[in-house]
Amino acid sequence: MRSTHFEVHYPASGPTYHELAERSLTIAESVHQELVPFFATMPDRRTQLVLSDDQDTANGWATFFPFAQIRLYLTPPHSLSGLENYGDWLSLLIRHEYVHILQMEMGRGAVKSGRSLFGRFPYLFPHTFVTPMLIEGLAVYHETDYSAGTGRLASSWYEMQMRAEVISGEFASLGEAVISSRDWPYGQYYLYGAFFVEYLIETHGEEALKQWLHAVSGELIPYISLKSLTRQVYGASFDELWSDFRLSMFERFGGDQHHVAEAPHSSPLRQQISGSDGQALYYVHRDDENRPILQRCTGLSIPCEHLADGDDISSIDVSDAGEVVAVKGRVYPSGRYTRDLWQLRAGKWTPLTTDARVAHVRWLPDGSGFLYTRFSAGHSELILLSLDGEESLLWRGGYGQYIGEFDIDAAGSRIVATYKRPGYSWELAEMKLYQAEWHVLTNSSATEGTPRFTGDNRLLFVADYQGQFELFEWKDGVAMPLAVENDRGVSDAHTVNGSGLFDPWITGDLLWVQQYTAQGFVQVHMEVPLARGQVSQSPDHQNNSDIDDIVLSEPEAYQPWSTLRPHYWFPIVYGDQDSTHVGLVTSGSDALGRHNYQLQFAYGSEQRAVDLNLSYQFERWLLAYSNEYELLDINPTVDGFSVIQDQQWLLARNWLAEAMRGRLGLHSGVVSQRRSLERVEPAVIVNGPRSIEQHSLGLAMTFNDQHALLNSPGGYGPAGYVVVEDFSILNDAWSGLHSQLSLSWMGDLPGRQTLMVSFDLGVASEGAPGFTLGGLPPREDNAIFGREQLSLRGYDAGNQFGRYLDRERVTWATQLASINDNWGIWPFGADDLEMRLFAERGRAWSDATDGDNEAMLGVGGEFRLNSIVGYRVQVPVVIGIAHGLRGAGAETQGYFGVQATF
């Protein structure tokens, strides 16, 4: 379906998606009219919108390459997380992402001329190379509408975060803010960028920012000119502007000094997923440097009990009997992310649902089942699930009508939830079970969240009535603030309020809450507070704006060809002292991302032939072809070279079948290789065949349950694969089977440390190609099939060869320093510094009885500086040493290099 400036793609599985598609086009055209005057540019073709309903998370993305496209996830924000401040989620999301498109499309002068010649080559889009702080900051600025109270700059969440940054004394430097780092708060370049862009406009005017954006859009290498352009436009350097911005934030947020708890941890804590049975607090301890753990805390002086792993948990609830149910998410091989219900039984998680798309869950008070919410086709639903698995739909909202976190009273008859109506803020609403009608309780312009019934049926919740999130009780139809009496008998509200409080739970005579700090969230506890007084609040009002109807085309079946065609080409030149290659490269994909291809060819001056590399992927199918000509100097006493042609085909079908929720997969592939001597230099005589061919048909079983940790060099969990390739079907020269087994395990150690262990075994039958072992990583082929060369440091590549192979490797990795800083506004910085120590043993041999090669044993270590290039790309710079301890070919190797894929 198309409008004047947009084309939308959506599932053809029901009228709901059609209505959302029409709405998205209408919103997009309205946003286009509002934003184009600011940027004074637009894409030369329709921007592609894709409605994606396979992600149970609130997000979206936009890119200019290879064409202007926006992916819109239809799951709206439904809890307090910083994204809750919207009137219409689809409208805010489209506005934010379209700002990215318009900024990236800006181009003038040589940039514009280059696009007319080479098309949409990525390096001809200068704003791609601007710090993400200014890219995301500009989008957050434009998403914000202070008059309507929507957008992150108008939210209490962003004000809470910036206030914490200011009063903690840890306000980010320019170098820390301009990069995509792992520092807390996560995504801080959104936060600092939004306030910085707002500061620039308030102090220098909107026209100055437009002038700066226009100036950058003509720079072929904007990194070099950012400083001079900024001084030309603003009369000050970036450093000076940042210093003034810092002072303005201290003036705005530093005057009201609240009590802020200090995080007792060396690494930031995410907001903890928590629940309670009235006797103890249950929560998932997550600090991103250790494996998440579900804990049970019963008192102040008693250590918390570890119950189970806390992997992938986004919500939990605990029955009065202490039974735990959790919402756990999983990314599937297709990229789909969905959440299901799991119950903790005897310390193990047992799945209760499949593809249920759960958002929040609560036990029924009598323990007979659960209530849970989910989002489907952008609509909110409330589901009743019995213990025997029977589901009943209790309520389904219309467009923009959502329920978020909720709770059930002790009688099991009354549900109170955070409730969203189109154009209104999040409010508290109640519904009688089975009546399917919500009644608004609070009706305020503030944001209410996390309603919780206590054991004595008090209703606690969080709200930002005074501009910051504090604790309240809903009592007798009014919101009453909570306070604790101090030893002088005086109400001390600042003990509870001040820096953002969330997730209240009462166990006995203790109140547990999570307090936001500049280092992360902190679990704190105090005496059970009392409700005192009444808070003043303004009534809610609708903020929807009328959008004019637009002309839309009739929907058509999806055709990939209009977007799949090449959108750019670019010349390439490379070579060495013997030969020069000249050619071009192009690539592309379709709007849905089902088809992806890359093509590169180059003519070699000495080879007098064309090297060709092509890869094409259609969903789970992969086809790759390479045809390269190598120079070989057999006789150095005469001029000229011999030329070897190396051809390889790969056809793979990934995920023929999958199990264990995508962790176990079956794959197949065909690999065909041919090496031939195409030209012989003078005075060289060839005896025997001039070519050799090798073809294999294989199956692979893979398993992967490894999890990464954001602030640790590694992660935890097992992985492995089994590959069997048959060389007898398609070959004359080769026959037999080629089998490999690989097992690996990552263990999370205390602090920022990881232990990694791997084991590889290979067996090739008589007549099948063997294995070579030795050399520096990465010797291994990253593909599943055709993997015959493995590394072992401390020895030359291919030091041993045979029909049998085994290799064991142990690596200990630790983070020595967390830097997370950039060299000012220049595009170079550092993320962290790691050290790795390794020992690896291996052997390749052909005698099945006693072996004909001594096992190789190598040890060594390396330092790895994870540098940051271009503000966002992590490029590991590695320096290491390896020493072979025994056997033929043992040596000491020093190595230095960059390990990154661009």
Side-chain angles (χ1 to χ4, degrees), residues 100 103-104 122-123 125-140 161-162 165-166 168-197 199-200 209 212-213 215-216 219 221-231 233-234 236-247 249 267-268 288 518-519 710-711 713 752 815-834 863-879 898-902:
H100 292 330
Q103 183 179 358
M104 295 303 108
Y123 289 96
F125 289 78
H127 280 278
T128 307
F129 306 102
V130 171
T131 163
M133 180 189 74
L134 293 178
I135 294 174
E136 296 298 347
L138 185 61
V140 173
Q161 289 189 306
M162 184 54 75
E165 296 294 293
V166 167
S168 69
E170 298 182 3
F171 194 87
S173 67
L174 176 62
E176 292 171 328
V178 297
I179 58 176
S180 176
S181 77
R182 294 177 290 170
D183 267 352
W184 184 269
Y186 299 146
Q188 67 175 359
Y189 53 92
Y190 283 80
L191 176 71
Y192 280 93
F195 280 105
F196 184 59
V197 168
Y199 162 78
L200 290 178
L209 181 58
W212 185 87
L213 292 170
V216 171
E219 299 296 316
I221 309 177
Y223 295 138
I224 299 175
S225 54
L226 279 180
K227 284 193 172 186
S228 60
L229 291 177
T230 301
R231 187 171 289 279
V233 173
Y234 287 102
S237 67
F238 255 112
D239 294 297
E240 292 169 335
L241 291 172
W242 191 261
S243 179
D244 293 342
F245 164 65
R246 182 177 183 274
L247 289 176
M249 292 296 98
S267 62
D288 289 324
Q519 295 80 33
L710 184 65
N711 287 307
R752 302 187 176 192
Q815 186 186 93
L816 298 178
S818 179
I819 303 169
N820 291 309
D821 204 350
N822 203 68
W823 185 21
I825 199 65
W826 291 106
F828 303 104
D831 185 2
D832 59 12
L833 178 64
E834 300 175 10
F863 290 98
R864 180 179 298 239
L865 176 65
N866 293 312
S867 65
I868 299 176
V869 178
Y871 310 112
R872 52 177 69 79
V873 180
Q874 188 178 104
V875 180
V877 179
V878 178
I879 181 171
V898 174
Q899 296 181 4
T901 301
F902 295 93

- Message: With a 6.0 Å cut-off (strictly less than), is the heavy-atom count around CD1 of Ile221, excluding the residue itself, greater than 12?
- Response: no
- In Å and rounded to the nearest 0.5 Å, what is the CH2 to CE distance from Trp242 to Met249? 9.5 Å
- Between atom CG of Leu247 and atom CZ of Phe171, what is the distance when rounded to the nearest 0.5 Å? 9.5 Å
- Task: Apply the test side-chain contact (heavy atoms from CB on, under 4.5 Å) to residues Val178 and Phe238: give CA-CA distance (whole Å), side-chain angles for both, the deciding distance (0.1 Å), then the verdict.
- Result: CA-CA 11 Å; Val178 297; Phe238 255 112; over 6 Å; no
- Task: To the nearest 0.5 angstrom, please state how far the CG atom of Leu229 sits from the CH2 atom of Trp212.
- Result: 8.0 Å
- Message: Treating Tyr871 as the side-chain partner and Ile825 as the backbone partner, does any N or O pair qualify as donor plus acceptor under 3.5 Å?
- Response: yes
- If only atom types and distance count, is the side chain of Asp821 paired as donor or acceptor with the main-chain N or O of Glu176 below 3.5 Å? yes
- Task: Answer yes or no: is there an ion pair linking Arg752 with Asp832, defined by an N-O contact shorter than 4.0 Å?
- Result: no
- Message: I'd like to check Ser243 versus Arg246 (side-chain heavy atoms, cut-off strictly below 4.5 Å). Are they in contact?
- Response: no
- Does a donor on one side chain and an acceptor on the other come within less than 3.5 Å for Ser237 and Asp239? no
- Query: Are any of the side-chain heavy atoms of Pro122 and Thr128 separated by less than 4.5 Å?
  - Reply: no
- Message: Counting only heavy atoms not in Tyr234 (residues, nucleotides, ligands), do more than 12 fall under 6.0 Å from its OH?
- Response: yes
- Say whether, by atom type as modelled, one donor and one acceptor occur between the side chain of His100 and the main chain of Ala139 under 3.5 angstrom. no
- Arg231/Glu240 under side-chain contact (heavy atoms from CB on, under 4.5 Å): CA gap, chis, key distance, verdict: CA-CA 10 Å; Arg231 187 171 289 279; Glu240 292 169 335; 3.8 Å; yes
- Note on the structure: Of all heavy-atom pairs linking Ala194 and Val140, the shortest is CB-CG1, 3.5 Å
- Shortest non-hydrogen contact between Gln103 and Leu134, atoms and distance: OE1-O, 4.4 Å
- Item | Geometric class of the Phe196/Phe245 ring pair [parallel <30°, tilted 30-60°, perpendicular >60°] | perpendicular
- May I have the step-by-step check of side-chain contact (heavy atoms from CB on, under 4.5 Å) for Leu174 and Leu241, ending in yes or no? CA-CA 10 Å; Leu174 176 62; Leu241 291 172; over 6 Å; no
- Query: Taking atom CD1 of Ile868 and atom OG of Ser181, what is their separation to the nearest 0.5 Å?
  - Reply: 7.0 Å
- Query: Looking only at heavy atoms, what is the nearest atom pair of Gln874 and Asp831, with distance?
  - Reply: NE2-OD2, 2.6 Å
- Query: Which heavy-atom pair separates Pro713 from Gln815 by the least distance, and what is that distance?
  - Reply: CG-N, 3.8 Å
- Item | Reported CG-to-CG distance for the pair Leu200 and Leu209, which is rounded to 0.5 angstrom | 6.5 Å
- Message: Just so I know, are the side chains of Pro185 and Glu165 near enough to count as touching, which here means a heavy-atom distance under 4.5 Å?
- Response: yes
- In short, Thr131 meets Arg872 closest at the heavy-atom pair C-NH2, 4.0 Å
- Message: Assess, by modelled atom type and distance only, whether the side chains of Glu170 and Gln519 contain a donor and an acceptor separated by less than 3.5 Å.
- Response: yes
- Message: Can you give me the closest heavy-atom contact between Ile135 and His127, atom names plus distance?
- Response: CD1-O, 3.4 Å
- One should read off an interatomic distance between Tyr189 OH and Glu136 CD, to the nearest 0.5 angstrom, of 6.0 Å
